[in-house]
Amino acid sequence: MDSFEEFDLSPEVLRGVKSAGYVKPFPVQSKAIGPLMAGRDVIGQARAGSGKTAAFGIPLLHAVNPSDRRVQALVLAPTRELAVQISRELSRLGAFTGISVLAVYGGQSMNVQLDALRSGVNVVVGTPGRTIDHLMHRTLRLDSARFVVVDEADVMLDMGFVEDVEFILGSTPADRQLSLFSATMPKRIVDLSERYMKDPERIFVDRDEPSSQTLEQFYARAERPEKLDLLLRILKMDNRGSTVVFCRTRHGTARLAKELGRRFISVAQLHGDLTQNQRDHSMGLLRSSRVDVLVSTDVASRGIDVRQVGCVINYDVPEDPAVYLHRVGRTARAGDLGVAYTFVSRDEVADFARILSRAKTPIKPLTPADEIHLKLSLADDTGRDGASRRRSRNRWGGRWRRRR
Ligand code: AMP
């Protein structure tokens with residue numbers, strides 16, 4: 001959706017959206033508002049700052065009837081600050097609807113919240129602990145709460161709030177509409193969604209989703225023994241700032257860094273076998289451009305936010321398309337230009353095909369031969385039965401991974 005007018009919003013909500021200064025929906029809003037307005041459950045992977053408050057807030061305001069003073073919508077947030085921030089945003093977007101929003105959180109007097117609850121509020125934005133306090137005191141009833149949102153679910157999990165959330169969900173009507181947002185999707189959160197949601201719409205938004213205007217993406221078919229030579233050729237050819245090379249394992253990372261060092265390339269490494277000091281040192285070398293190449297595992301790369309990274313190389317193909325996006329998002333930051341290369345060996349073709357099918361921006365073959373080679377491998381892969389595919393992976397030295 002390119003504009004808020006394309007959603008079937010009431011004039012009051014649309015006015016609130018305009019007066020908040022929103023012109024065009026952010027990606028999470030384009031993806032979530034439609035299904036939520038159609039009454040679907042939604043599980044969304046989106047980070048703080050992606051615009052998810054309005055993504056659930058606009059359909060929430062649409063669903064609430066201001067002349068019914070019962071609590072019709074509940075948003076659970078892990079921290080006071082977030083609860084206050086969400087309630088402010090909902091009040092701003094709903095400024096012309098007559099819908100009343102109340103934040104309930106620990107640290108503020110129960111009485112202040114009690115007075116507001118008694119006078120009747122339409123929407124409660126609460127932290128789990130204080131929401132449970134009110135439920136226990138029967139100062140909050142959720143049997144009319146048909147629109148329920150769990151925000152920052154992974155932070156809820158880290159803070160030990162999942163049981164509280166489950167308790168609260170148990171106090172809402174069975175036919176409520178539930179949405180859950182989380183920056184990451186650990187298994188416990190997926191389990192939670194499976195238990196409480198009915199055929200949810202799944203949406204994925206990564207703030208680092210690449211823009212084809214700033215990031216060029218290429219792939220090359222290369223068997224494992226050929227990858228080092230290809231890397232060296234690209235390093236020679238491409239010199240747009242520093243390069244981050246991603247490997248799947250700590251061992252592979254350390255080995256590749258050593259190989260590059262032996263070839264007089266200035267290189268640092270980043271992985272979980274290093275001490276924190278060593279990792280900080282490697283990051284310092286990259287930031288100050290004292291090394292040209294950083295070889296890293298995925299886990300260690302989480303904090304890499306370095307403007308001068310001009311090139312990312314996926315030396316190994318990640319199994320998860322989300323990891324691909326995270327990796328290539330290390331370059332082309334803040335509107336700078338960047339390039340990403342992915343080296344695909346025979347046993348990585350299936351994983352890479354999944355990345356290609358999810359990609360919203362083109363990932364081009366480095367040479368025409370790479371495209372032909374990939375197509376042949378894919379046809380080969382889909383044309384066999386499981387057993388012969390397994391044999392072929394072994395023949396190519398690949399390890400058999402559980403397919404997801
Ligand atoms: P959030 O992730 O919900 O905390 O939103 C991050 C920031 O983006 C907040 O300051 C919002 O007011 C702002 N915002 C959200 N959606 C839009 C939009 N469509 N256009 C402009 N700003 C927005």
Side-chain angles (χ1 to χ4, degrees), residues 1-37 42-64 73-97 99 101-105 123-127 147-159 177-185 189 201-209 211 213 302 305 322 325-326 329 333-335 360:
M1 294 280 181
D2 276 344
S3 79
F4 286 102
E5 278 80 5
E6 290 175 50
F7 299 111
D8 191 19
L9 304 181
S10 71
E12 293 79 16
V13 174
L14 196 57
R15 201 171 149 204
V17 169
K18 296 281 158 199
S19 77
Y22 297 4
V23 179
K24 209 172 151 343
F26 285 175
V28 66
Q29 294 159 1
S30 296
K31 291 180 185 172
I33 291 177
L36 282 172
M37 286 193 39
V42 165
I43 175 162
Q45 186 164 358
R47 293 160 200 263
S50 59
K52 59 190 158 67
T53 313
F56 62 74
I58 290 171
L60 177 152
L61 294 167
H62 178 81
V64 168
L74 171 74
V75 181
L76 291 174
T79 63
R80 294 170 199 181
E81 292 73 21
L82 190 61
V84 170
Q85 191 185 304
I86 293 171
S87 72
R88 285 212 182 115
E89 187 81 346
L90 294 180
S91 301
R92 198 156 78 110
L93 294 168
F96 305 100
T97 60
I99 291 170
V101 182
L102 177 71
V104 305
Y105 49 95
V123 182
V124 165
V125 185
T127 53
F147 195 103
V148 179
V149 182
V150 179
D151 197 13
E152 309 246 325
D154 51 352
V155 182
M156 298 272 197
L157 182 70
D158 289 345
M159 293 175 78
Q177 182 184 359
L178 181 61
S179 49
L180 181 148
F181 291 87
S182 195
T184 57
M185 284 292 164
I189 302 292
E201 173 85 17
R202 290 164 208 280
I203 63 169
F204 173 84
V205 181
D206 195 297
R207 202 180 35 185
D208 296 325
E209 211 160 274
S211 145
Q213 276 152 24
R302 295 235 172 252
D305 186 6
L325 286 178
H326 178 263
R333 297 188 79 74
K360 298 212 176 56

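Everything numeric in this text was worked out from a predicted model, so none of it was measured. First listed ligand is number 1; within each ligand, the first listed atom is number 1.
- A salt bridge does not link K52 to E89: none of the charged side-chain nitrogens sits closer than 4.0 Å to a carboxylate oxygen.
- Ligand-side atoms of ligand 1 in range of K24: 18 (C), 19 (N), 20 (N), range being under 4.0 angstrom from any heavy atom.
- Under the 3.5 Å distance criterion, the side-chain polar atoms of E152 are left unmatched by any main-chain donor or acceptor of A77.
- One N or O on the side chain of Q45 and one on the backbone of A183 form a donor-acceptor pair closer than 3.5 Å.
- Residue G51 has at least one heavy-atom neighbour below 4.0 Å for each of these atoms of ligand 1: 1 (P), 2 (O), 3 (O), 5 (O), 15 (C).
- Each of the following atoms of ligand 1 lies closer than 4.0 Å to a heavy atom of Q85: 4 (O).
- Atoms of ligand 1 lying under 4.0 Å from at least one heavy atom of T53, given by number and element, are 1 (P), 3 (O), 4 (O).
- T79 contributes a side-chain N or O that, together with a main-chain N or O of L82, makes up a donor-acceptor pair within less than 3.5 Å.
- Of the residues V101, V148, I86, the one that meets the side-chain contact (heavy atoms from CB on, under 4.5 Å) test with V75 is I86.
- Residue-level proximity to ligand 1 for R88 is absent, since no heavy atom of it falls below 4.0 angstrom.
- Heavy-atom proximity to atom 9 (C) of ligand 1, evaluated over Q29, K52, E89, is greatest for E89.
- The only option from K18, K24, R15 that meets the salt bridge (charged side-chain N to carboxylate O under 4.0 Å, His left out) definition with E5 turns out to be K18.
- Taking distance alone, with nitrogen or oxygen atoms compared against 3.5 Å, V23 stays at or beyond that limit from ligand 1.
- Numbered from 1 in the order shown, with element, the atoms of ligand 1 that lie under 4.0 Å from a heavy atom of R92 read 12 (O).
- Heavy-atom contacts of F4 reach the following atoms of ligand 1: 19 (N) (cutoff under 4.0 Å).
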